[in-house]
Each structure stands twice: as structure tokens, then as C-alpha cells.
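First up is the structure itself, then whatever we jot down about it.
Naming: A, B, ... by sequence-line order, numbering from 1 per chain. Predicted, not measured: the structure shown is a model, and the values here were computed from it.
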Protein chains: 2
Amino acid sequence: MSRAGAIKPESDHILDRPMGDTDGIDFEIIELLFFAYRDFISDPDAILDTSGFGRAHHRVVHFVNREPGLTVAALLDTLKITKQSLARVLKQLIDSGYIAQVAGPEDRRQRRLFPTERGRELALALARPQSCRIAHAMEGLGEGGRAAVKAFLSGMINPASRGAADDQDDMMEGHEQ
Amino acid sequence: MSRAGAIKPESDHILDRPMGDTDGIDFEIIELLFFAYRDFISDPDAILDTSGFGRAHHRVVHFVNREPGLTVAALLDTLKITKQSLARVLKQLIDSGYIAQVAGPEDRRQRRLFPTERGRELALALARPQSCRIAHAMEGLGEGGRAAVKAFLSGMINPASRGAADDQDDMMEGHEQ
DNA sequence: AATTTATGTCAACATAGCTGACATATTCGA
DNA sequence: TCGAATATGTCAGCTATGTTGACATAAATT
């Protein structure tokens, strides 16, 4: 038994009872998600530290490798950041030879983004430990369990922000290409 | 040459084939986690924006409410940040009356952290939409599916960093009373 | 009494977001 | 054809949140 017994709240109305699963709130899953995601990104973070890049670079390299030829606008939409924010990391990735730009074949204002071999290797190196972690977390789950995990994660995503993860259902403004 | 010109790939060896589930890497779950977590924290973010706090405050308020009376050292260990980083947000939360400090009953060097009523309300308000999102993502899953989700998330967490989420198995150095 | 521990604090710095303003090339519409 | 809209780039500065390193203080430990 730990805490909270002997301390003396002064006048400030202090609460010493833990916020538990009263109120019908699922604190267990909330915290599991927090810790799971934190450790999930710690793997690539360790690699990135050695190469001088950060998480922002990771995301860019990842999505460019997943959808070569995507436009800057599409990438901004996926990442939900501003172009000024993207510009900083994208420039570094281009200058270091991880990503290349090609003027759009039809609309030459566009800069379509492609990975170089180097960029592909980086993306794979970053994804590998994450995939291992996922495989480990999945082991012991049957087909139904794996399906449940996917359904759960999909259900956590805002319907509007369905990005590259499942890109059927690409509502109205499909003015890309 | 202010901008990178009419770009042409020429010699730079560009890849135009998507990085797919070749290589045995589970990109689908990697991306589902990315989008799920991003939308998961967008709910509290929206609330925090209106109250002048950020994600860092959210985490502090959350864990202090989950374990009233925890020490600064314990909180640092859970959050895995430096004390200087914590100090900034903790000071604001104390000054605004969301969290109170009480000298430890046995070791008076400690500052044990407790939520005020105000702090409890904030923590609940932040947790509520997240819990709703989780409930929505879980609906349609049976008992087995929910268990699979928990097992999966637990399996994603580093064994060493088991924090408040499941605190059985609180290995050796249990000098935290 | 000396040391260690728990915490606080100052200063400087890095990353990665943001807004606002403006430039340039290209496409599109009147 | 010309002017407006679009896709992108860029400059400047701000904020939030993390980092290191150095040092201060009070309380516990030896």
C-alpha cells in the first residue's frame, strides 16, 4: 500500500482518491495507448538520432515511400501540417539525397516526390523495428484477434482523415491527378 | 535557380514503385497506429487550446489524477522527461490551482502531487472524449476482440516501462512507497 | 559533520509545430 | 490574351516542449 493516507490537505481542497474507472471512462486503454505509442516511436527515434534526422523526417520519408509521386499538397494533407513546417524537413531530405522531386507530367507546377534508393533504405530501416514490435505484440493472437486490432485502430481514426492507410472512399474533392 | 528548376530525375535513381508489404513489413498497422494516435490526441488538444494548456499539461494532470500523492520523481519516471521540462508545466498547473503539492509525510524532501477539484474536472473533461472514441472503436468487437486489443497494446509496451497502465509486476526497486 | 537525495531554478539550445507575408511559375477562365 | 487562381517556395518570427549543464536548498543518511 502506498500513498495518500497520512498527508494533510490544507485549505485547498485536495483529492487523494485516484481517478478510477468510475465515471465510465476507460482509463486503461487510454494509458495503454499512451505507452504503446511512446514505445512504438522510440525504435525509429533511436535510429534517427544517429543520422541527424527527427520524427518529422521519418513521416515524410515514410509516406513518400508508400506513395511515390505524391504531390506536396497531398503530403501536407496526410501529415496535417503547414507547408512551412514541411519545407524545413523536406529540403533537408532532398539535399541529402533521400527524396527527389519531379515536375508533374500534366501540371508542371506540381513537385511530385519520389524516394531515392537511399530514401527507400531509410524508410525500410525505420519500419523494420516497428514491424517487429507489432509482430511480437500480435503473436498469440488468432486471426480474429488480429482482425479485432485492425478494426479497433480503424475505428479510432476520424472518418474525414482517412489517409494512405485505407484510401478507398476518397470523398468529393478528388482533384488530385 | 531560386527553385530547384524544371526537375529531371536523370542520374539520381528514383524509385516509383510503392513500398508495399513486400519485405514482410506490416505497413498497414504502422499507419493505422499513426492515424489512430493522431486523432486520439486531437480530442483533448481541442479542449486544451481553449484553456491555454498543451499536451504536456495534459499528461501531468492525467497521471496526478490517476495516482494522487505520487512524487515528482515517480512522475518523471512515468513521463520519461527531464525535471526541467516538467518544472515548466507543473509550475503553471500549480499556480493555476489544478495541482497542489504536499510535503511527504515521511520524507519531507518529497513534494507529493495531488489534484484539486479543478484539476480532477480538467482530467475528466480531457479523458471523456478519448473514452468515447475508444468506446466507438470497440463497438462491434466481442469480449475476445476487446481482450485482443488490450493484449496487443500491452505487447507493444517495453517491459521496462510498464507504468501506471498495469502496475502489477512492479519490479525490484520498489522504494517508492 | 559530511554526503547523498529530492527537488527547484537559471540559462542556453534544438526540434517541430504555427502565422503572416510575399515571390514565382504555371494553369485556367473570361 | 490577360488577369486570376493555383502549387509551391521562402523569409521572418513566434510558441510549445523537449534537451544539457550548472548550481541552490532542505532534509535524510552515514
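- If you check every strand for non-hydrogen atoms under 4.0 Å, B:His58 touches nothing.
- Rounded to an integer number of Å, the gap from CD of A:Gln84 to P of D:dT15 is 17 Å.
- D:dA16 atom P lies 12 Å from atom CG of B:Leu48, rounded to whole Å.
- The nearest whole Å value for the distance from the CG atom in B:Leu86 to the C1' atom in D:dT19 is 14 Å.
- Residue A:Arg112 contributes atom CZ, which lies 16 Å from atom P of C:dT26 at whole-angstrom precision.
- The distance from atom CG of A:Leu76 to atom P of C:dT19 is 12 Å, rounded to the nearest whole Å.
- Regarding contacts with the backbone of D:dA27, a side-chain N or O of B:Arg108 is found under 4.0 angstrom from either OP1 or OP2.
- Look at CZ on A:Phe53: it is 11 Å from P on C:dA16, rounded to the nearest Å.
- Between the side chain of A:Arg88 and the base of D:dG9, no donor-acceptor pair of N or O atoms lies under 3.5 Å.
- Residue A:Arg111 contributes atom CZ, which lies 6 Å from atom P of D:dG9 at whole-angstrom precision.
- Across all strands, A:Arg55 comes closer than 4.0 Å only to sugar-phosphate atoms, never to a base (heavy-atom distances).
- The aromatic rings of B:His62 and B:His58 stand perpendicular to each other, their planes meeting at an angle above 60°, with 30° marking the opposite boundary.
- Using a distance-only test at 3.5 Å, with no hydrogens or angles considered, no donor-acceptor pair links the side chain of B:Arg59 to the main chain of B:Leu79.
- Side-chain contact of A:Asn65 with B:Arg17: a donor-acceptor pair under 3.5 Å is absent, judged by distance alone.
- Nucleotide C:dG17 holds its P atom 13 Å from the CG atom of A:Leu90, rounded to whole Å.
- Between B:His57 and the phosphate of D:dA16, there is no side-chain N or O to OP1/OP2 separation shorter than 4.0 Å.
- For A:Arg109, no side-chain nitrogen or oxygen approaches OP1 or OP2 of D:dT8 to under 4.0 Å.
- Residues B:Ile94 and A:Ile81 both approach DNA chain C. Their nearest nucleotides, taken by heavy-atom distance, put B:Ile94 toward the 5′ side.
- Aromatic ring orientation, B:Phe63 versus A:Phe35: tilted (interplanar angle from 30° to 60°).
- Linking ILVMFWY side-chain heavy atoms closer than 4.5 Å, directly or via other members, places A:Leu48 and B:Ile30 in a single hydrophobic cluster.
- Considering only side-chain N and O atoms, B:Gln101 lies under 4.0 angstrom from the phosphate OP1 or OP2 of C:dG8.
- Contact check, A:Thr82 against C:dC18: a side-chain N or O comes under 4.0 Å of OP1 or OP2.
- In the interface, the side chain of B:Lys83 is paired with the base of C:dG8 through a donor and an acceptor atom under 3.5 Å apart.
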